[in-house]
Amino acid sequence: MAALEEEFTLSAVPLGAGPDGLLGVEQSDKTDQFLVTDSGRTVILYKVSDQKPLGSWSVKQGQIITCPAVCNFQTGEYIVVHDHKVLRLWNNEDVNLDKVFKATLSAEVYRIHSIQGTEPLVLFKEGAVCGLEALLAEPQQKIETVISDEEVIKWTKFFMVFRHPVLIFITEKHGNYFAYVQMFNSRILSKYTLLLGQEEKSVIQSFTASVDRKFISLMSLSSDGCIYETLIPIHPSDPGKSQKVVRSLVLKTVVSGNARNGVALTILDQDHIAVLGPPLPASKECLSIWNTKFQTLQISKELPQGTSGQLWYYGENLFMLHGKFLTVIPYKCEVSSLAGALGKLKHSQDPGTHSMSHFVNWETSQGHGFESQNSEPSKRILRRRKSETSVEPEVPASKQLLSTIKKDSEKHIEVELRKFLAIKRTPDFHTVIGDIVMGLLGRWKTEPSFYPRNSLMQLIQTHVLSYSLCPGLMEVALEKTDVQMLQLCLQQFPDIPEAVTCACLKIFLSIGDDILQKADVNMESVSAYSDAVQDEHMEEQSEILQNGFNPEEDNCDTCDKELSEKSQDTLETTLCPVIPKKAALLRNAILRSAYSETFLLPHLKDIPAQHITLFLQYLYFLYLKCSENATMTLPGIHPPTLNQIMDWICLLLDANFTVVVMIPEAKRLLLSLYKFVKSQICICSELNKIEVSFRELQKLSQEKNNRELYSIEVLELF
Amino acid sequence: MGEFNVHRVRFFNYVPSGIRCVAYNNQSNRLAVSRTDGTVEIYNLSANYFQEKFFPGHESRATEALCWAKGQRLFSAGLNGEIIEYDLQALNIKYAMDAFGGPIWSMAASPSGSQLLIGCEDGSVKLFQIIPDKIQFERNFDRQKSRILSLSWHPSGTHIAAGSIDYISVFDVKSGSAIHKMLVDRQYMNVSKRKCIIWGVAFLSDGTVISVDSAGKVQFWDSATGTLVKNHLIANADVQSIAVSDQEDSFVVGTAEGTIFHFQLVSVTSSSSEKQWVRTKPFQHHTHDVRTVAHSPTALISGGTDTHLVIRPLMEKVEVKNYDAALRKITFPHRRLISCSKKRQLLLFQFSHHLDLWRLGSTVATGKHGDTLPLSKDADHLLHLKTKGPENIICSCISPCGSWIAYSTASRFFLYRLNYEHDSISLQRVSKMPAFLRSALQILFSEDSTKLFVASNQGSLHVIRLLEGSFKHLHTFQPQSGTVESMCLLAVSPDGNWLAASGTSAGVHVYNVKRLKLHCTVPAYNFPVTALAIAPNTNNLVIAHSDQQIFEYSIPDKQYTEWSRTVQKQGFHHLWLQRDTPITHISFHPKRPMYILVHDAYMFCIIDKSLPLPNDKTLLYNPLPPTNESDVIRRRTAHAFKISKIYKPLLFMDLLDERTLVAVERPLDDIIAQLPPPIKKKKFGT
C-alpha cells in the first residue's frame, strides 16, 4: 500500500517565490541533497534529512535565473543559466556566482538536463539539443532551429535507456501537441503528433513520463481532470516521418476539471502516480496517490495553504510548494497486490504456514526454472498492442504461430517464434512447443526446400522437448546429416530410442572430417584436452600404476613385451584417434545418452567394422585419459563417467566381437582392452574386500557400544 | 534447574515387529497397520498420526491381508485360514471365521463395501457377503492351480483380477468364471527364474490391470484382450506391493530393496487427451523389504520388514507447510511398555510374550555434568516371566512398592506377588481371579500399592483391594450409559483419592475413589489424549494431547488451572507444536510442585511453571549451558521449557527421587542389528 508520511518544510524562511512558484528542484551528486532554484535570483542546496540549507548562491541584481540549476554528476559542478543565454558553472567552494566560470551562448536555453551516468544536455528553446562539453568548447556555435515558429516547448524529460540518453520534449502550437524524441547517441529525432481523441478542446496541464525497454509512457493531465497515457516508441519504426500517437484514458476525473491553476502529476512507480490539485471544484488542493492498475485512490493529503501546481519526486520524497514553504512529503509504497488494492491487508505469515518450497510438479509442467518471469510484462505488451494497432484478434499466441508456420517465410517464422518464446510460459508449454515442431516438420514434408533449421534449433534449446513430443525431428536431421542438430537433440532429449541413437552414432563415425570441420559443433571442453594431447606423449607406466594395476605382474607377459617393443605403436594408442570435432560429437552426445542394452545391441551390429575399431580406439583413449587422475574423471563440465565409457566398450565388443577379432589392426587394441578389463576386475575385487573389512570393523565397534548397556551419568539441566 | 544422576538404560532389547499390511480408510482418515506378530494398530492421520488403538497379536495369527469395508469395519485374514473382524469400540476381536480354503493370502473388499473376496492357498477365490455383525459365505469362483496372492476389484464391481504364481486371472464376478489368464514372463535379467510370483494387482476403471511381481516388473495389462501393454523393469528384486490412488492418476509400488516408486498418469501431447503412466519419483526410506504400501489423497504410506511406518507426503498435494507436509517415520508404539517401581528401583519391561524385571544399579561416586560415574553395583536381571498361551501381552504394571506384578492378555489376567529375601526373589501367582477380570487394556497400582485399578475392554473400571497374598473386589465403575468406549489410559493421584481415566475420543473422567463415584468429566478435546497424570498435593490433572497441547485441570476445583489458561492464551512455541512424536509419559518432582516432567521419543522436558512461557521469538531448545553469561542474562532468557535431547529414542523416563532420573533408550542401530540382513547391493564392479 502506498503511504504518505509526515510532511516537513525545508526552508524556515519563506522562499522569494513569485506567482510562478519555483523554477525547479534537482538532485545533486550526493543523496539526500537537492538544488532548489527559485524564480528570482537564488539557488539553494538543501540537505533534506537535516532540513537545512548547506549553501546558497545568488546572481547579481538585475540578472534573473531562467533555468533551474542542475548538478553535473560527472564533475560535481553545478550549472545554472541566467538571462536565457548566460551559463554559469561552479562548485561548493565558490561563494560568489559573479566570479565563477561563465559562458555566453548564441541561443536561448530552455532547460539543462543532467542525470547520473552521462554528461548534461542543454535543450534550446528552438528545440536543438547539445551536449554540455561540446557547447563549452565552442560557446558561440550556431544553434539550429528544430521546431517551427510559434511552437513552444511545454515540458521535457531526460532518460537513460540501456545507457543511451534519450530526451523527450513536448511542444504546443495552436492547441496541438507534438512530442519529440531525441536519441542522443544516434542523433535520431522523431516527431509524434499527440492525438487528443474526443476531448479535442482540452488543454494539457501537466506531463510526466516513465520509460521501459521499448516505450516511453507519457502521462498527461488534461484540463478535464482526467489522466491519459500515451505510449511513444523509443526506437521509431520509421524515423524522419512524422507519426501520430493516440492516448488512452488511465484515470477519470482525478482533479476538478476547472481548476484555476496548480495541477501537477508525477509517476511514482509502475502502478502509482501522484496528483496535485483540488479533487472537487470547491475543495482545497490535495496531494493524492492513485493506483493506475486498480484505479483506486490510495491516499490523499489536503494542502490547505495552496500550492504552486508543481510537484517533484526524487528517491522517496515528494517536493512541492505548500503556501510559501517548500514542503517534503516522504512516500513509501509496497508492491501492490489485489488484496492490498481492495483494502485487505495480507495476513502476516503464520509460523505454521510457510509457503512451499519449489519442487517439480509432474502434473503441470516440466518447464522448471522458467516460472520466474512474472506476468506483468506480457500484460503490458498486450495492452500496448491494443493501443497501437487495436486490430489483432484475440487468438492464443501458439495458434497464431502455427498458422504462421503454414504459410510464411522461414525468416518471418523465426521472428514470430522469437516473439512467442519471449512471453510467459504456460503450464502446457512443452506440449505447445511439441506442436510447433510438428507443424514445422509437417510443412517440411510437403515442401522439401523449406528447412527451418534456426527455428528448430531455437525450439530444441527451450529444454522442454523430448523425442516423443516431436517424433520425426531427429529423422529429418539424420536425413540432412545435420550433426549440430543431432548433437543438440542427443543432449536435450531424455527418451531417444536406441535405434536412433545408433543411427546418429553411425553418422558421426562415418562423416568425413572435411565436412565436419565446416559444421558448427558444440565443443564444450573437448578441445581443451584432446588438442593438448596431440603433441604430447603420455607416460603409460605411471598411469597404469595409479589404477592399482602393475603391468609387471601381468600374466600376459608375451603380449606385454610385444607391446613395449613397439614403442611407436604405444604412441599411436595414446593419441586421440579422431579429430576434436568428432570427439566432441561422440563424447558429449553419444556417450551421455540414455539407452537400454537389450535394445541397443542389435543396432550396434550394423556398424561397419572399421568404424567400430575407430570408436573402440577412441573409447580406450578416453579410458586412459580417465585413469590419468586420481578421481578417475575426464576434464570438462559434463564429462561422461568412467562407467559410461566402460559400458560402451562392453556393448561394442558384445555386439561385434567376432568381427573385431578377425581384423588384424584391432588385435593390439583388443589386447590392451583385455589388460584394462583385467585391471578393473582387480580393483573391484580389492574394493569389495575393503568394503567387507570396513563392515566387519563397524560390527566390532557396534559390539563395543553394546557393552555400554547401562550407566549412571550426571546431567545438569539449566 | 539442578543436577541429576541419570540411570541410562539401554538393555531393553525391544524389537518392533515388521509391518505386513497397511490399509487406509479415506472416510475416517485412519490407517490400519498389521504387523508380522498379528498386532493391528490404528493410526489417526487427522490427529498428528497418533496410534490411537491397537489389537494385540497372537502367535498363530499371522495377518496377510487387511482391509476396510462397509465404511468403518476392519477385517483381516491370515495364514491360519481365518477371517477376523475387529471391534473398534471395545478394542477386541468381534469374531473369527474359518474360510475353509487353507491359509489366506489376500483379501479385497468390493468397491461398494458390501462384499469381501479372499484368495486362498488351495487356489480358490471365495466371495463373502458382509451383513450387519457378521459375514456370510456366498460362493466360490473357479478354482485356480496355485495360491491366490493378490486380488483387486474393478471399480464397477463386475470383474476382479487375481494374481497367482506365473499368471494373473480375470474373473467375471457374476458367473464366477475366469475369462482371461495372462501369463507373466518368468525371465529375469535374461535368466529364467523358477517362478514368478504376482505380489500385487490393481484393476483400474479403464480395464487396465497393473501387476507387480517377484521378477522386479511393473506390468500393464489390457483385461479386455488379456494382453501385455507395457512393462517397467524397476528393481533387481521383488516388487512386493502396489496401491492406487482413488482418482487413478497415480500409484505407488514398493520393492524388496526398500525403494518405493511413484507412478503418475501424465499427458503426452496437448493435442490429444492421451495420457501415459510415467515413473516419476523414487523414494528410499526403508532398508529392508517394503511389504506393503498405501496411497492416501496426500501421501504415500509404506511399511515393511524394517518396522518403520513411513508416511511420505506428496508435495504437490499439500498446500501449506504444516504437520502434513513433513515426512513421518513411526517406529515405536505410542504407548508405554515400561513401568517402574520407585521404591525398589525396579524396571518392568513388557515384550510381546514375556516380561523382564530389572533392578537398577547404584553408585557412591559423585561427578559433574557429563560424567559417567563408576558403578558400585551393576543392574540385575531379576526375573524373566513368560506368558502362557499364544496371545500377546496387552499391558503390564509393577506396583510402586515392587511387590506386585500384573499383566493381561486378550483373554486372561495375571497377578503375581513378589517376595524379596536378601538377594533372592520368589514369585507367587495369585490364583482364582474373578471371572470379570479377563482382559485389561490398562492396569495401574495406587501409590501405596494397596489398590489395583483395571480398565477392561467393556468400558468398565474395576477397583480391587490388595491384601497380603490375596485381593478383594471393591467396586466397578460402569461406563456411562450408551457408551461402550474403552478406557486406554489411567492415572491415580498419589493420595489415592482420585482416579482419572481416558478413552480414545471422549473426555477424561475423574472418579472419587473414596466415595466410589464419578467426580467430574474434563471437557472433550478434538485430539486424543496421549498421557495423563495427577500431581501430588495439588491434585492437578495434567493431560497431554496428540496435537502437543498440554492442559492442567484442577480436580478439586473442577476447572482448568490459572497456569493452563495462561498457556492456552499465549499458545505454545511453534517448535513445540511441530514435534512429531506424542508425549507418552508425565511425572512430577516429589519436592518441587512447580515441575512437570514430560517426554516423547526424542526429548524430555521439565516444565517449570514458575518461569515465563517462551514466545515464538525465544529459543525453545538451548542445549548449551550458559557458561560465560551472567546470571542476569540467564534469568532473562530462561523460560518454562527445559528441554534435553541427550537420550533418544527415549521410550521411558521418570524421576525416581528428587536427584535421580531413569531413562530407557532404545538405539535404532540395535534394532537394525536384530533384523535380518537387507538385500545386499554390490557397490563395486557392477
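The shown structure was predicted, so the numbers you read here are calculated from the model rather than taken from an experiment. Reckoned from all heavy atoms, side chains included, excluding hydrogens, waters and symmetry mates.
Checked against ring-ring contact (aromatic ring centres under 6.0 Å, His included), A/F493 has no partners two or more places apart in sequence or in another chain.
B/W358 has its ring centre no less than 6.0 Å from the ring centre of A/Y710. Taking the six-membered ring for Trp and the full ring otherwise, B/H589 and B/Y595 have centroids separated by under 6.0 Å. A centroid separation of 6.0 Å or more is found between the aromatic rings of B/F251 and B/H262.
Using a 4.5 Å cut-off between heavy atoms, B/I646 contacts chain A through its side chain alone, with no backbone atom that close. Of the atoms belonging to B/L375, it is side-chain heavy atoms, and not backbone ones, that fall under 4.5 Å from chain A. At a 4.5 Å heavy-atom cutoff, the contact between B/S362 and chain A is made by backbone atoms alone.
For chain A, the option among B/P667, B/G361, B/S644 with the highest count of heavy-atom pairs below 4.5 Å is B/G361.
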